[in-house]
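Atoms considered below: every heavy atom in the structure, side chains included; atoms not considered: hydrogens, waters and symmetry mates. Within every chain, numbering begins at 1; the chains are lettered A, B, ... in the order of the sequence lines, protein sequences first and strands thereafter.
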Amino acid sequence: MDAFLNQTIDAYYLRIMIIIGINIILALGLNLITGVTGQLSMGHAGFMSLGAYASAILSIQLDAPFALALLGGALVAAFFGFLIGIPTLRLEGDYLAMVTIGFAEIIRVFFLNFGPGGKAVGLSGIPQNTGFTVVWLLVLVVIILNRQLLTSRVGRSFYAIRENEIAAESCGINTTRVKVLAFTVGSLLGGLGGGLYSHYMYYINPQDFGFMKSIELLNMVVLGGMGSIPGTIIGVVLLTSLPEMLRIVDEYRLLFYGALLVILMIFRPNGLLGDVRIYDIKKWWGKKGGRGT
Amino acid sequence: MNILEMTKISEEFGGLRAVDNVSLSVLPREILGIIGPNGAGKTTLFNIITGIYVPTEGQLLFKERRIDGLAPHDIARLGIARTFQNIRLFGKLSVLDNVRVGRYGVTRSGFWSGLLRLPGGRREEKETELRAIELLELVGLADKRHEYAQYLAYGEQRRLEIVRALALDPSLLLLDEPGAGMNAGEKEELMAFVRSIRDQLELTIILVEHDMNLVMNICERIAVLNYGRKIAEGTPAQVKNDEQVIQSYLGAGV
Amino acid sequence: MKGRFIKRTALLLCMMMVFSLLGGCASNQQTPQQGAPAAGDKIKLGFLGALTGSVANYGIPGQKGMQMAIDELNAEGGILGKQVEGIYYDNKGESSEIANITTKYITVDKVSALIGDPTTGLTKVAADIAQKNKMVIFSSGATGAGVVEIGDYVFRNTLLDTVAAPVVVDWMINDKGWQNLAVITSNNNGYSTALTPIFKQAITEQGGTIIAEDTINDGETDFSAQVTKLKNAGADALVFTGYYTEAALIMNEAQKKGLDITMVGGDGLYGQDLAKLGGTAVEEKVVFYAGFSTDQPSPETAKFLTDYRAKFNEDPDMFSAQYYDAVMIIAKAMTDANSTDPSVYKAELAKLTDYPGVSGVTTFRADREPTKSPVCLLTVKGETFPALLDKLPVEVK
Amino acid sequence: MFWEQLLNGLTLGSSYALIALGYTMVYGIIQLINFAHGEVYMFGAFVGLFLVTAGANIFVALLGAMAFCMLLGMLIERVAYRPLRGKSTRLSALISAIGVSIFLSTLMVLYRGPNTTRYPAVLGDSTFQLGSLQVSTLQIIILVIAALLMVVLELAIKKTRVGKAMRACSQDLEASKLMGVNVNRIISLTFATGSALAAAGGVMVGIYYNAVWPYMGTMAGLKAFAAAVLGGIGSVPGAMIGGLSLGVLEIMGIAYLSSSYKDAIAFAILILVLIIRPQGLLGQKLSKKV
């Protein structure tokens with residue numbers, strides 16, 4: 001499959017599509033934490049780096065098969081998501097955001113001093129196992145499972161916590177536990193994305209997973225739509241492909257990112273598609289076309 | 001046997017006694033009203049019963065079980081449901097989903113069941129949906145089940161909040177100013193509705209309310225709070241004629 | 001109603017923004033496609049380097065050097081009768097960016113060679129992609145280990161740390177008599193963490209003693225604690241393996257604390273900002289090695305210097321010289337091989353011997369690693385930066 | 001060496017403290033982590049640099065930078081936060097703040113380039129021995145200016161009308177509105193005050209460390225926030241104590257443990273404080289409003 005694609009599609013576009021796929025997995029993880037459950041995480045790149053390093057080390061040092069390395073990376077990230085989630089998710093929103101930034105920074109500093117990860121030099125020679133097929137198969141699986149989860153009893157409780165924590169408690173939801181769950185699953189996806197990333201990039205370095213990377217991922221979730229799967233995907237596609245197309249005005253990219261966040265928050269705080277549902281679109285069409293419901 | 005037994009409950013916030021040594025018993029299937037001026041500690045009492053605050057002193061028995069110190073979600077699961085003074089709906093969830101979340105405490109299917117759509121969870125989902133629609137029909141919101149809760153009219157939101165509380169299949173329902181912001185006609189409907197759910201669902205209901213008329217009409221018993229203390233308790237007629245109540249609260253107003 | 005109007009308008013604006021961006025990109029994409037049929041007329045060279053971000057200080061002069069080489073080639077009729085075109089994308093010093101850009105150069109822009117990147121880590125990312133696509137990559141600054149080992153399409157033209165550091169340590173211990181040395185590493189700088197062990201090994205092998213070791217981080221400004229420690233250690237000299245910004249700030253702090261010590265480092269200290277930031281604190285107090293010096297008396301360097309000053313109204317640095325040389329060496333290899341096909345001209349490239357570049361004389365060894373001689377010891381003297389302190393010959397092994 | 005390191009720590013800490021003050025004031029009133037605060041500090045440093053380079057006296061430059069940042073702070077509040085107030089969640093406000101932060105630092109990069117710029121040595125520096133301790137006059141000047149600004153702030157908040165209104169707003173925004181306080185104006189003034197202090201911090205850091213660069217605000221801002229939390233967010237003396245102790249802890253960490261983990265120290269402290277004592281050293285415990 002990959003061989004066929006390599007021959008038919010230009011390597012550059014194939015590359016962008018693979019990156020989009022990886023970013024979708026990462027962003028859907030963050031969407032679960034921030035978009036759906038309403039817990040602002042600004043350290044998603046930290047979990048990504050945990051997955052990236054853990055899976056890379058499994059591959060290089062232990063010659064683990066790719067699937068196992070990915071799983072290992074994802075589980076390590078999930079474990080740390082769980083660990084940091086237990087004490088901190090009782091904190092109020094913005095405090096939690098600060099803790100996630102701090103945690104991601106601590107992870108970065110840890111990898112800067114971590115011998116097996118090559119310290120600041122980074123880790124190279126990671127087998128390039130990630131290909132188009134693997135990425136997009138995983139994207140498909142992640143989207144389907146995400147959807148199933150979010151339309152289930154537990155998934156609805158994620159949204160309930162975002163909407164009103166006290167009311168959620170009064171409905172019998174153990175909000176701390178559910179938040180830790182969302183955080184763990186989100187981190188797991190972060191780790192999975194990280195593993196795919198490191199096995200695609202061949203070389204990783206602690207500085208790849210800095211604060212700006214977390215913000216970039218947050219931007220994707222916020223732009224497309226907080227809590228919406230299609231919205232998140234649109235956000236990823238736009239923010240991954242636009243900079244590629246806009247190489248000329250590259251220096252202004254961050255300026256644009258910053259302004260975008262402010263403008264969105266003022267006018268569409270839930271993102272482009274955050275509160276748009278298929279039901280609403282249908283209704284809107286019905287009215288427009290005069291067909292009625 | 002009392003369904004709820006409060007013994008010498010006090011709550012202090014930084015030296016201020018919001019609730020002061022209140023003892024109160026609630027009988028099964030009665031409608032109990034709690035009245036008192038602003039800041040008398042009515043909502044605080046609700047927050048204590050539902051576990052949001054832990055009482056500084058005193059103890060709380062629900063069906064002969066200690067519940068003070070339990071987390072709000074655990075108390076909810078025991079069958080105590082509530083509404084809020086300032087409506088707390090899940091605005092960006094559909095009406096139906098609001099009620100479905102309301103059933104969280106009485107359903108069981110977990111993470112894996114939802115993630116992988118296991119048969120047990122699917123069965124439960126179906127039951128949840130049926131029950132939710134049934135409840136929505138009770139208050140005439142079934143047609144609007146796909147709307148976002150935040151786009152409902154005010155009165156509809158009040159009704160939805162009660163329905164969400166009922167979805168928990170509670171044995172004790174706490175209503176915090178259910179009639180706030182309603183006109184006379186709507187209040188009439190509300191009273192009828194509260195009575196009917198009590199009878200149909202065999203509920204015990206405690207309500208906090210400002211509207212004397214409403215309270216006197218539907219409550220079988222009334223407790224009066226002032227500055228955190230319980231100053232009177234009895235039937236509407238008894239309370240209406242209580243010297244202390246007239247002096248400190250009803251005063252010239254009634 | 002008003003709120004709704006504002007919301008609608010905002011939505012419209014957002015959509016317009018997105019569409020205009022998409023429109024803009026559509027027109028951008030036209031360029032390479034329109035250029036594609038004409039690809040036969042021009043030889044394209046892809047620039048790898050950061051134009052923004054924290055390592056832009058290496059990329060920006062590099063871009064100028066590369067641009068100058070291309071202009072000169074074109075003025076003399078180009079390579080093999082074809083005009084040369086440089087394409088410059090900014091990789092911001094990020095590995096994901098350089099990976100995308102490298103692929104784009106190769107598959108979309110269809111370049112004939114890649115020039116850059118100035119840092120080791122990013123060069124490795126690009127080299128891996130270039131090797132797989134059979135594209136020559138010529139790094140002009142990657143000094144660390146494990147670069148040319150990636151494959152036979154990977155070259156670099158720079159003074160290797162493993163070559164230069166022992167020579168400099170020899171100068172410190174034997175010429176200067178500095179026996180007791182302190183070493184400071186920039187912990188979040190891959191160049192620095194790779195260079196430190198090379199220095200340490202050379203020091204131990206040549207009989208010196210490391211009496212204190214410490215770390216800093218790039219991007220910090222407060223080094224008071226490290227300098228206080230250093231002051232109490234009483235070392236003869238300080239080896240600092242990081243970049244020039246932090247070097248200048250460390251020396252500033254040392255001056256403030258009344259610590260009189262000489263700092264010795266690698267070519268990471270080579271940046272105009274060392275003198276600008278350090279002022280009197282670095283004057284004749286910082287010594288570093290490089291393969292390039294503006295004081296080098298070779299005619300090539302002198303001409304380059306004059307032309308560069310005329311063109312950009314500033315002094316060139318090591319990176320402008322190395323990018324310039326890289327383009328010229330590639331041009332020579334293409335001419336000698338009479339082909340712009342990387343798989344053909346790379347053989348000529350590997351044979352390069354005693355090439356008199358503006359950044360020193362270069363020979364590629366059998367393993368394609370460059371040997372450059374001499375090692376220039378540079379320092380800051382008054383207004384001149386860098387000033388040549390000494391030239392140390394390198395024995396070609 | 002201990003005393004010299006302590007002095008280093010206090011100098012570093014006083015810059016954290018000045019930035020932390022702005023955080024704590026804004027947070028105290030509208031519960032917003034003003035993420036752009038670090039960038040205001042950076043702008044302060046640069047404005048001071050421009051003025052000094054243009055030949056202004058250092059105190060004129062300090063005041064000029066403070067005045068500029070006052071306006072900048074008010075502008076940020078007006079453009080990016082006020083439209084959100086009361087309408088959206090705190091999450092939205094925080095994201096908007098991050099947007100402003102990115103916007104401002106990129107703006108400076110576009111204008112000045114990413115390089116570090118030297119700050120001219122405007123205050124003649126000399127060192128003198130104090131026993132075995134070597135003290136630089138600059139360190140003394142910075143500590144004194146920082147202390148002075150903090151005392152003035154504390155007095156202003158306690159004694160003046162506006163200060164009292166600020167305290168009222170931090171207790172209860174709604175009630176203050178009902179009491180006739182022009183809440184928008186008070187919030188605006190809070191931003192102005194906090195930003196001016198950050199600017200002072202920026203200029204002083206520039207002078208002391210001889211260097212400014214466009215990304216200096218990000219990490220300093222995060223650290224200062226950690227300092228504010230450590231001291232007890234919303235408390236002015238807390239911000240001072242938090243800033244100073246964080247500076248000393250970091251320096252002592254480098255001096256006696258390892259400098260490799262310097263950045264981790266501040267964040268580890270932040271996380272520990274939030275978990276163990278979320279109200280910080282001097283903050284008051286707030287109960288949830290239901």
Identify which part of [X] has an atom lying under 4.5 Å from any heavy atom of chain A, answering side chain, backbone, both or neither.
X        : value
B:Ser94  : both
B:Thr107 : both
B:Ile75  : neither
B:Glu161 : neither
B:Arg122 : neither

From [atom1] ([X]) to [atom2] ([Y]), nearest 0.5 Å:
X        : Y        : atom1 : atom2 : value
A:Asn146 : B:Leu115 : CG    : CG    : 8.5 Å
A:Ser170 : B:His73  : OG    : NE2   : 12.0 Å
A:Ser157 : B:Tyr104 : OG    : OH    : 4.0 Å
A:Asn164 : B:Ile87  : CG    : CD1   : 11.5 Å
B:Asn47  : A:Ile166 : CG    : CD1   : 7.5 Å
A:Met226 : B:Lys92  : CE    : NZ    : 10.0 Å

Discussion item. Run the side chain to side chain contact (heavy atoms under 4.5 Å, CB included) test on A:Cys171 and B:Phe90 for me, step by step, so that the C-alpha distance in whole Å, both residues' side-chain angles and the decisive distance to 0.1 Å come before the verdict.
Written reply: CA-CA 11 Å; A:Cys171 292; B:Phe90 308 124; 4.3 Å; yes

Worksheet item: Where do B:Arg117 and A:Ile144 land on the side chain to side chain contact (heavy atoms under 4.5 Å, CB included) test, with the steps shown first?
Response: CA-CA 11 Å; B:Arg117 287 281 147 94; A:Ile144 291 171; over 6 Å; no

Does a sphere of radius 6.0 Å around [atom1] in [X] hold more than 12 heavy atoms from other residues, nucleotides or ligands, not counting ones at 6.0 Å or beyond?
X        : atom1 : value
B:Arg65  : CZ    : no
B:Arg195 : CZ    : yes
A:Phe82  : CZ    : no

Worksheet item: Which heavy atom of B:Ala76 sits nearest a heavy atom of A:Glu169, and at what distance?
Response: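 Closest heavy-atom pair between B:Ala76 and A:Glu169: CB-O, 3.9 Å.
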
Discussion item. So which residue, B:Leu168, B:Asp74, B:Val101, ends up with the most heavy-atom pairs under 4.5 Å with chain A?
Written reply: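 The candidate making the most pairs under 4.5 Å is B:Val101.
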
Worksheet entry | Greatest number of heavy atom pairs closer than 4.5 Å to chain A - which of B:Arg164, B:His146, B:Glu124 |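 Looking at each of B:Arg164, B:His146, B:Glu124 in turn, B:His146 comes out on top.
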
Worksheet entry | Heavy-atom check, side chain of B:Phe111 versus side chain of A:Leu181, under 4.5 Å |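 Answer yes - side chains close enough.
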
Discussion item. Tell me which of these, A:Asn174, A:Leu150, A:Val154, A:Leu145, has more heavy-atom pairs under 4.5 Å with chain B than the rest.
Written reply: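 The residue among A:Asn174, A:Leu150, A:Val154, A:Leu145 with the greatest pair count is A:Asn174.
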
Practice prompt. Return the option, out of A:Ala167, A:Gly227, A:Ser152, with the maximum number of heavy-atom pairs under 4.5 Å with chain B.
Written response: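 Among A:Ala167, A:Gly227, A:Ser152, the one with the most close pairs to chain B is A:Ala167.
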
Worksheet item: Using non-hydrogen atoms only, which part of A:Arg147 is less than 4.5 Å away from chain B: side chain, backbone, both, or neither?
Response: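 Only the backbone of A:Arg147 comes within 4.5 Å of chain B.
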
Item to complete: Please state whether the side chain, the backbone, both or neither of A:Thr151 comes within less than 4.5 Å of a heavy atom of chain B.
Response: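 For A:Thr151, backbone and side chain are both near chain B.
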
Discussion item. When you compare the side chains of A:Arg153 and B:Ser109, does any donor N or O come within less than 3.5 Å of an acceptor on the partner?
Written reply: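 The answer is no; no qualifying pair exists.
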
Discussion item. Between the side chains of A:Arg156 and B:Glu125, is the shortest nitrogen-to-carboxylate-oxygen separation below 4.0 Å, so that they form an ion pair?
Written reply: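 Looking at A:Arg156 together with B:Glu125, the answer is yes, because their closest N to O distance falls below 4.0 Å.
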
